[in-house]
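Submitted below is the structure of interest, expressed as structure tokens.
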Amino acid sequence: MPVDNPSDYDVQEVDHDPFAVPEAFRDRNHDFGYRHGFAEGGDAEPQLEEVDHDPFPPEPAVQESDINRAKGFPEPRSPMHDRIAAASQDEPAPGAEGRQIYVRPRAQPAPQIMGHVAAEQVPGQQITPKYLEAKPQGSLSPGDPSLAESVQQKVSEGAQQLGVPVEGAERIGSAVRTGAEYAPITSNILSGDEAIRAGQRGDVLGAITGAIGAAPIPGAGAAERAGVGAIERGADGILRHADPAFQEGRIATTTPWSKKLGDPHQSGEGTIGHDTIQADEGLYPKTSDIIKEMPYTGVKTKVAASEGKKAKTTTAWTPTGDLNIPADATPEEAHEAFIEHAKSNILALHDAVPEDIRQGSQQWYDGANTIAKQRAQQYDRPLENIAGVYAALSPQMDWYKNASLGDRVMAISHGQGNMPFSPEMQKWADDYLLNSSSEDVSKSRDIYNAIKDKPLGQLTNPLERAHWIRAYDEAHNSRAYNLVNPNGSFGDTVKTKAGADAGAGWGGMDTIANAVKAFDAKDMPTISRTMGSGHKVRNFYNNILNPNAPTGDVTIDTHAIAAALLRPLSGSDKDTGIGLGQGGPKAALTGAQGLYGAYAEAYRRAAAEREILPRQMQSITWEAIRGLYSPAEKRSAAFRRAIDEAWAKHRTGEMTQQEVQQHLIGFDPEKKTSKIRPPSWYTGAPEIESAD
């Protein structure tokens, strides 16, 4: 990876031992059939931040390797692989026959930059990649054996308890040290209890497998096999989780929480859609009543501070009934009218976007997938883990920042295991604790006091690791972040209105912790849990992982809801909360939350009419609505009032829906012009930081 001044960096050569690949991979059948969704629901009053994020991609052709994996390819055996094979005493792992199972090869050191690898140039833009340089930092001496020796001691204790020969304990200790050397991060070394159990069994191979936090290979101990899960490498060289309950790594986008149904994170089956809302007898009429009232207009009122309470702003929401749905309409009629209304607005936006911009805009998810694959190769982690990192950080986060923060989590987790908690990090932590408005500042204070003398590699708690990672990034990395192009390449740094580099701010520590858990996850159920129960993040994960999946997954965020209603919405609008499922009724038996499934159905119908994928329709209109309503306009009470007045004329019969669309979008089919501003990646103009 190029840097601006290579002489400023110490380059260390690191061996990368590839492992032999057996002759056959398991073939996969992707013929799932297109599904329009199954179910999901939600309740609560929204107090949301603007969800200005989510790149949503492209329309690349499905590669043959994604349909039917190649039968294998030659690769030299490594000494490590031979040692592991020689140590194996067990029978092959169940289900391992005919499938290549890998122990991760030695990880490459993370570069001391937050750089980006440019993909192909987007037509119409001069791409100027920029790299974020890390500030000078210290580190422990390479190969510090303290952690591995501690684990070896535990292994020896376990071996002695069962009378395992000393030679066996020494072999285990050696294996653990070797595993530590190969570990992507030192926290993957066996815990004390795990080491004792391995020592008690004299299970050398199990110790190696656990020590490097990798997938088991035939012969690994049964306990380690169950705890890690199978991983296989595709013909493209990228690791993937091989769990038949999660076809192609997909997670369910609806997660019922009724105890009657068991754990929803044990399978990738389940798609949120209109059918999911309809399937719950209680949810269907409740959402119907909401549809008859919406959209909602809000009037803000400032409440002065009093009696020790801080000043705050409250919003009173008033239903408009602008959808013109009769009060006596049945639930079926109300939902059908809403879906068709939203579909019409979505198509109006889509058709107003010039064809050449549409070709780029529909690639957002293909581009996100390209970035994820680059990181999967860079860190030799399963693609599902990488997609999980980006998705975990996505709530209320602009995509450009989202991509940068995901890269930071991975680079620091991967490359700073032996880095001590530096004075610069301590200074930042002290300032953060002093000035933070977070309600969890007392929790953060306890955490920083506990980790201030420890390197990252000694921390196993995800929340502690999240605090360490953020402190490191804030203290040692530039805040600048790059514009992301639809195809996955990176442009210049995003600018402020004054022309300086804009800064990528972090979300909550909990979201960083979820990203850490996703990066280190050893199985698919763990990745599924880190994505939470919200439909949006779970769909976003699937769209990044496999943008051409036949399941019709579609990411509905603030912009997607704004496009469907053709209104200048922010994350704090009541309609946004109801659409995302963070407001409105929910259904425990189906997992359906709010109106997400109805919006998803509208995008699926619109996509079918234009013969593209739902995620492509969503990404085209995601960009269109951002170009139609600027952040400043969305904050303007006068501007929002003008939009409300236009839709009020539809309610009173003065204007048809199509006339309102034309008034708001201003599309001229002959001149191919409209009020939608073209994106920066297309014009080549500097990207100005968005405040929405």
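Computed from heavy atoms alone, side chains included, the values below leave out hydrogens, waters and symmetry copies. Numbers here are sequence positions counted from 1.
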Does the Q616 side chain pair with the main chain of L613, one donor and one acceptor, at a distance under 3.5 Å?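 Yes; at least one donor-acceptor contact below 3.5 Å.
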Examine Y400 together with F490 and report whether their ring centres are nearer than 6.0 Å.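 Not under 6.0 Å, so no.
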Does the distance from a Lys or Arg side-chain N to an Asp or Glu carboxylate O, for R479 and D501, drop under 4.0 Å?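 Between D501 and R479 there is no salt bridge, as every charged N stays at least 4.0 Å from the carboxylate O atoms.
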Nearest heavy-atom pair of G249 and Y541: which atoms, and what distance?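 Here G249 and Y541 meet closest at O-OH, 2.9 Å.
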Just checking, is any N or O donor in the side chain of E623 or S361 under 3.5 Å from an acceptor N or O on the other one?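 Yes, a side-chain donor-acceptor pair sits under 3.5 Å.
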State whether Y629 and K634 meet the cation-pi test: NZ (Lys) or CZ (Arg) under 6.0 Å from the six-membered ring centroid, and within 45° of the perpendicular axis.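 Relative to the ring axis of Y629, which defines the angle, K634 lies outside at least one limit.
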Quick check: do M509 and I447 have side-chain heavy atoms less than 4.5 Å from each other?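 No - every pair of side-chain heavy atoms lies 4.5 Å or more apart.
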How are the rings of Y472 and H476 set relative to one another: parallel (under 30°), tilted (30 to 60°) or perpendicular (over 60°)?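 Rings of Y472 and H476: tilted, as their planes differ by 30° to 60°.
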If we only count heavy atoms from C-beta on, is the I556 to N539 side-chain gap below 4.5 Å?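 They are not in side-chain contact.
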What are the two closest non-hydrogen atoms of A600 and V554, and how far apart are they?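 Closest approach of A600 to V554: CB-CG1, 3.7 Å.
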Rounded to the nearest 0.5 Å, what separates atom CG in L483 from atom CG in D492?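 CG of D492 is found 8.5 Å from CG of L483.
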Under the side chain to side chain contact (heavy atoms under 4.5 Å, CB included) rule, what do N542 and I251 come out as? Steps first, then yes or no, please. CA-CA 7 Å; N542 286 338; I251 61 174; 3.6 Å; yes
Set out, in order, the CA-CA distance, both residues' side-chain angles and the distance that settles salt bridge (charged side-chain N to carboxylate O under 4.0 Å, His left out) for E633 and R677, then state yes or no. CA-CA 13 Å; E633 289 170 334; R677 293 175 289 271; 3.8 Å; yes
Side-chain contact test, heavy atoms from C-beta onward, threshold under 4.5 Å: evaluate it for D523 versus D243 and give yes or no.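 A side-chain contact under 4.5 Å is absent here.
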Considering all heavy atoms of both residues, which atom of P264 and which atom of P256 are nearest to each other, and what is their separation?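 Looking at all heavy atoms of both residues, the shortest contact is CG-O, 3.4 Å.
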Could you walk me through whether V409 and L405 pass side chain to side chain contact (heavy atoms under 4.5 Å, CB included), step by step? CA-CA 6 Å; V409 166; L405 295 176; 5.7 Å; no
Between D557 and K536, is there a side-chain N and carboxylate O pair less than 4.0 Å apart?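 Result for this pair is no, no salt bridge flagged.
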Is it true that H241 and F246 have ring centroids separated by less than 6.0 Å?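 Between F246 and H241, which both carry aromatic rings, the centre distance is not below 6.0 Å.
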Is R626 close enough and on-axis enough to W622, meaning under 6.0 Å and within 45°, for cation-pi?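 Checked: cation-pi criterion met.
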Indicate whether any N or O donor in one side chain lies under 3.5 Å from an N or O acceptor in the other, for D431 and N435.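 Their side chains do not contain a donor-acceptor pair, so the 3.5 Å distance test is not met.
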Over all heavy atoms of both residues, which pair between W681 and I357 is shortest? Give the atoms and the distance, please.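 That would be CH2-O, 3.7 Å.
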Reported CD1-to-OG1 distance for the pair I544 and T370, which is rounded to 0.5 angstrom: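 One finds 11.5 Å between CD1 of I544 and OG1 of T370.
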I'd like to know if R240 and E384 make a salt bridge, using a cut-off of under 4.0 Å between side-chain N and carboxylate O.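 Yes, this pair counts.
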Hey, what do you get for CG (L545) to CD1 (I386), rounding to the nearest 0.5 Å?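 So the CG of L545 and the CD1 of I386 are separated by 11.0 Å.
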What is the minimum heavy-atom distance between R250 and G268, and which atoms define it?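 Smallest heavy-atom distance, with atoms named: NH1-O, 2.6 Å.
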Answer yes or no: is there a side-chain heavy-atom contact under 4.5 Å between Y390 and R375?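 Heavy-atom side-chain distance check passes, below 4.5 Å.
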Please evaluate residues D573 and W317 with respect to the criterion side-chain hydrogen bond (donor to acceptor under 3.5 Å, both in side chains), reporting the C-alpha separation (whole Å), side-chain torsions for both, the decisive distance (0.1 Å), and the verdict. CA-CA 9 Å; D573 276 281; W317 297 103; over 6 Å; no
How about T315 and V299: do any of their side-chain heavy atoms sit closer than 4.5 Å?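 Not in contact.
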Hey, what do you get for CD1 (I412) to CZ (R465), rounding to the nearest 0.5 Å?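 One gets 11.0 Å once the value is rounded to the nearest 0.5 Å.
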Closest approach of T511 to A392 (non-hydrogen atoms, all atoms of both residues):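 Here T511 and A392 meet closest at CB-O, 3.8 Å.
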Side-chain donor or acceptor of N369 paired with backbone N/O of P547 under 3.5 Å: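 It does not hold such a pair.
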Between D575 and Y296, is there a donor-acceptor pair closer than 3.5 Å when you use the side chain of the first and the backbone of the second?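 Judged by distance alone, yes, a pair lies under 3.5 Å.
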I want to check something: taking the side chain as every heavy atom from C-beta on, are T621 and I625 in contact at a cut-off of under 4.5 Å?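 They are not in side-chain contact.
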Sidechain N-carboxylate O distance under 4.0 Å for R567, D644: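 Salt bridge between R567 and D644, a charged N being under 4.0 Å from a carboxylate O: yes.
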Do any N or O atoms from the side chain of S528 and from the backbone of P525 form a donor-acceptor pair under 3.5 angstrom?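 Checking the backbone N and O of P525 against the side chain of S528, no donor-acceptor pair under 3.5 Å is found.
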May I have the step-by-step check of salt bridge (charged side-chain N to carboxylate O under 4.0 Å, His left out) for D263 and R529, ending in yes or no? CA-CA 10 Å; D263 185 358; R529 292 187 189 96; 2.8 Å; yes
Between the side chains of N543 and T555, does any donor sit under 3.5 Å from an acceptor?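 Yes - a donor-acceptor pair under 3.5 Å links their side chains.
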To the nearest 0.5 Å, how far apart are CG in L456 and CH2 in W468?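 Here the rounded value is 5.0 Å.
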Check against side chain to side chain contact (heavy atoms under 4.5 Å, CB included), T287 and L283: CA-CA 6 Å; T287 51; L283 180 65; 3.7 Å; yes
Could you tell me whether a side-chain N or O of T320 sits under 3.5 Å from a main-chain N or O of P295, the two making a donor and an acceptor?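 Between the backbone of P295 and the side chain of T320 there is a qualifying donor-acceptor contact (under 3.5 Å).
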Do the side chain of T530 and the main chain of I527 share a donor and acceptor less than 3.5 angstrom apart?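 Indeed, once roles are kept as given, a pair shorter than 3.5 Å links the two residues.
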Main chain of V484, side chain of N482: is a donor-acceptor contact present, judged purely on distance under 3.5 Å?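 Checking the backbone N and O of V484 against the side chain of N482, no donor-acceptor pair under 3.5 Å is found.
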I'd like to know if the side chain of N546 reaches the main chain of E248, judged simply by a donor and an acceptor atom lying under 3.5 Å from each other, with no hydrogens or angles considered.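 Not at all, since once roles are kept as given, no pair shorter than 3.5 Å links the two residues.
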Within the side chain of N345, is there an N or O that forms a donor-acceptor pair under 3.5 Å with the backbone of A564?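 At least one qualifying donor-acceptor pair exists.
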Ion pair E293/K574, N-O distance below 4.0 Å: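 Not counted as a salt bridge, because no side-chain N and carboxylate O are separated by less than 4.0 Å.
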Would you sort out whether E474 and Y432 count as a side chain to side chain contact (heavy atoms under 4.5 Å, CB included), showing the intermediate values? CA-CA 10 Å; E474 298 275 10; Y432 170 74; over 6 Å; no
Is a salt bridge present between D510 and K443, judged by a nitrogen-to-oxygen distance below 4.0 Å?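 No salt bridge links D510 with K443.
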Using the ring of each side chain (for Trp, its six-membered ring), is Y284 parallel, tilted or perpendicular to H274, with breaks at 30° and 60°?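 Correct class here is tilted.
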Kindly indicate whether the side chain of T493, heavy atoms from C-beta on, has any atom under 4.5 Å from the side chain of Y481.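 No. Closest side-chain heavy atoms not under 4.5 Å.
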Between T254 and R538: side-chain donor-acceptor atoms closer than 3.5 Å: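 No, no side-chain donor-acceptor contact under 3.5 Å.
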Side chains of S404 and R408: do they bring a donor and an acceptor to under 3.5 Å?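 Distance-only check passes for S404 and R408.
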Mind checking the CD1-NE2 spacing from I290 to H335? Nearest 0.5 Å is all I need.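 The NE2 atom of H335 is 8.5 Å from CD1 of I290, to the nearest 0.5 Å.
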Is the side chain of N461 donor-acceptor paired with the backbone N or O of L463 at a distance under 3.5 Å, no angle test?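 Indeed, once roles are kept as given, a pair shorter than 3.5 Å links the two residues.
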Hey, are the side chains of M617 and H350 touching, using non-hydrogen atoms and a 4.5 Å cut-off?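 Touching, per the 4.5 Å side-chain cut-off.
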